[in-house]
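Just so we're on the same page: letters track the sequence lines, and every chain starts at 1.
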Protein chains: 2
Amino acid sequence: MRLTRISEIRRRELRRAAFEVLQKEGMAGATLEKVATHAGASKGIVLHYFANKQELFEHAMREANAALKEAVVVRLNRARTPRERLEAIIEANFEERFFQPSVCHAWLSLCAEVPREPQLARIQKVIHARMRSNLLSALVDLLPAEDCETVALGITSLIDGLWLRLGLQSEGLTRDTALSQMRDYLAHRIPAT
Amino acid sequence: MRLTRISEIRRRELRRAAFEVLQKEGMAGATLEKVATHAGASKGIVLHYFANKQELFEHAMREANAALKEAVVVRLNRARTPRERLEAIIEANFEERFFQPSVCHAWLSLCAEVPREPQLARIQKVIHARMRSNLLSALVDLLPAEDCETVALGITSLIDGLWLRLGLQSEGLTRDTALSQMRDYLAHRIPAT
DNA sequence: CTAATAATTGTCCCATGGGTCAACATTTGA
DNA sequence: TCAAATGTTGACCCATGGGACAATTATTAG
């Protein structure tokens, strides 16, 4: 089954190319031709491997999400205490490779499509559910039960807000600022030790 | 100068129509024809009053922003104490007419264009600057000086994150949830009294 | 070696939508 | 009342981009 292999390689290349073009061009500007060129192929090949534009970007979103998920997993595995698990989740979301204006902009472009693209909405839903569940599993040991949901929402909203802001390329927002913002929240919202 | 008046009326109608179409269709789907139809006019008239699509949506963003600003001003005028001023700013951002999935979705669509639309970027910058300045003027009386910037960023990020989430139409996020999330933040981050 | 299968390309088609324009309608001011 | 200015329309143009497809070139398995 070499065939499967080559098609999988091609599909991955195209997914990545799609996400990279998205970073610079936004959804409207990310044409099939640009994606193809960026992947070093022809437009035809894109539609050979993906039924249509939506499907391509759906897979691009899946892949980007998978990378983030993986980063969280790696850090979670290293974490020993609930507190460390919490920090692992947060720090993964602010790794340099993710927390970049262009990357956040790509995410923004995808998010803007969510209301009209059921497939993207599904992915979004999964992302949120995983985030929530990860956070709750750490928070449950750190907070009274009735506070967990609130703080989980607080953390995700803060992360989203900081990502959004970076996506807008408002200068002056650095990774460090963002991370210390998160730490500030934790410091004040979660009882010491 | 009646003439100015009628053109102003038409321009306002078109700005509003543009924003409303944006709510349902997103940026790509918001064609000049749909905007015109929604305003009960022909496509030609849109380009008679606005040089091009970008300019139309730039003005739509300006108007939506002006409405939000106005809501903040009204509430700020009623506020007596710094704490009330802080709450005024926050509550204005969660008024029913603004904090709606469709409205947040329209904002999201505009934000996604910011990196490639310098005019939108400028507006965005103004919005952030005003928000920051409003918040700081209230926070300065409530917090040690070195904490003000941090908390101002925390509040705006939280607001943005909640708006984003509503824009994604993730069910289960209500105005009440959002507001109590904000209150929870204030309660823990700003010393009582 | 060869037939079948998959990969890849370039061309073509067509709907869409932004933008132009000339013509027509209405308002306004003198 | 009537011309000048403004409002308004619909028809037209054209670039763009998504998608279909037939033709061509590897690959692979028997």
Whole angstrom value for the distance that separates [atom2] of [N] from [atom1] of [X]:
X       : N      : atom1 : atom2 : answer
B:Ile45 : D:dT6  : CD1   : P     : 14 Å
A:Glu25 : D:dG17 : CD    : C1'   : 14 Å
A:Phe57 : D:dG17 : CZ    : C1'   : 12 Å

Excluding sequence neighbours, so at least two apart, what forms salt bridge (charged side-chain N to carboxylate O under 4.0 Å, His left out) with A:Glu117?
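For A:Glu117 there are no salt bridge (charged side-chain N to carboxylate O under 4.0 Å, His left out) partners, ignoring immediate neighbours.
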
Output all residues satisfying salt bridge (charged side-chain N to carboxylate O under 4.0 Å, His left out) with B:Glu84, sequence neighbours left out; order by chain, then residue number.
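In terms of salt bridge (charged side-chain N to carboxylate O under 4.0 Å, His left out), with neighbours along the sequence ignored, B:Glu84 is linked to no residue.
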
Give the intermediate values and the outcome of side chain to side chain contact (heavy atoms under 4.5 Å, CB included) for residues A:Ile89 and A:Leu76.
CA-CA 7 Å; A:Ile89 298 166; A:Leu76 273 181; 4.1 Å; yes

Which atom pairs, one a donor and one an acceptor, fall under 3.5 Å between side chains of residues 94-105 of chain B and the rest of the protein, sequence neighbours left out?
from, atom 1, to, atom 2, distance (Å)
B:Glu95, OE1, B:Arg97, NE, 2.8
B:Glu95, OE1, B:Arg97, NH2, 2.8
B:Glu95, OE2, B:Arg75, NE, 2.9
B:Gln100, NE2, B:Glu96, O, 2.9
B:Ser102, OG, B:Gln23, OE1, 2.9
B:His105, ND1, B:Gln23, O, 2.9
B:His105, NE2, A:Ala112, O, 3.3
B:His105, NE2, A:Arg116, NH2, 2.7

Restricting both atoms to N or O, compile the protein contacts to nucleotides 22-26 of chain C shorter than 3.5 Å, with distance only.
none

Compare side-chain N and O positions of [X] against OP1 and OP2 of [N] and report whether any pair is under 4.0 Å apart.
X       : N     : result
A:Tyr49 : C:dA6 : no
B:Arg10 : D:dT8 : yes
A:His48 : C:dA7 : yes

Pairs of donor and acceptor atoms involving the side chains of residues 119-129 of chain B, under 3.5 Å and at least two apart or interchain, shall be tabulated with distances.
from, atom 1, to, atom 2, distance (Å)
B:Gln119, OE1, B:Arg122, NH1, 3.3
B:Lys125, NZ, A:Glu171, OE2, 3.2
B:His128, NE2, A:Arg165, NH1, 3.3

My understanding is that only residues two or more places apart in sequence, or in another chain, count here; which of them pass side chain to side chain contact (heavy atoms under 4.5 Å, CB included) with [X]?
X        : value
A:Arg11  : A:Glu8, A:Arg15, A:Tyr49, A:Phe50, A:His59
A:Ser42  : A:Ile45
B:Thr174 : B:Asp176, B:Thr177

Quick check for you: among C:dT8, D:dG7, D:dT9, whose closest atom lies nearest to any side-chain atom of B:Ala41?
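Comparing C:dT8, D:dG7, D:dT9 against the side chain of B:Ala41, the answer is D:dT9.
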
Tell me the salt bridge (charged side-chain N to carboxylate O under 4.0 Å, His left out) pairs involving residues 44-59 of chain B, sequence neighbours left out?
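Counting only pairs at least two positions apart or across chains, the salt bridge (charged side-chain N to carboxylate O under 4.0 Å, His left out) contacts touching residues 44-59 of chain B are B:Glu58-B:Arg62.
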
Not counting sequence neighbours, which residues clear side-chain hydrogen bond (donor to acceptor under 3.5 Å, both in side chains) with A:Arg130? List them please.
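A:Arg130: side-chain hydrogen bond (donor to acceptor under 3.5 Å, both in side chains) contacts with A:Asn65.
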
Can you see which heavy atom on B:Leu158 is nearest to which on A:Ser157, and at what distance?
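Smallest interatomic distance, heavy atoms only, reads CD2-CB, 3.7 Å.
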
Tell me, which of residues 106-119 of chain B have any heavy atom that sits under 4.0 Å from an atom in DNA chain C?
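Of all residues in residues 106-119 of chain B, none places a heavy atom under 4.0 Å from DNA chain C.
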
Where protein sits on nucleotides 14-20 of chain C, one letter per nucleotide: B base, S sugar-phosphate only, - none, heavy atoms under 4.0 Å:
---SBBB

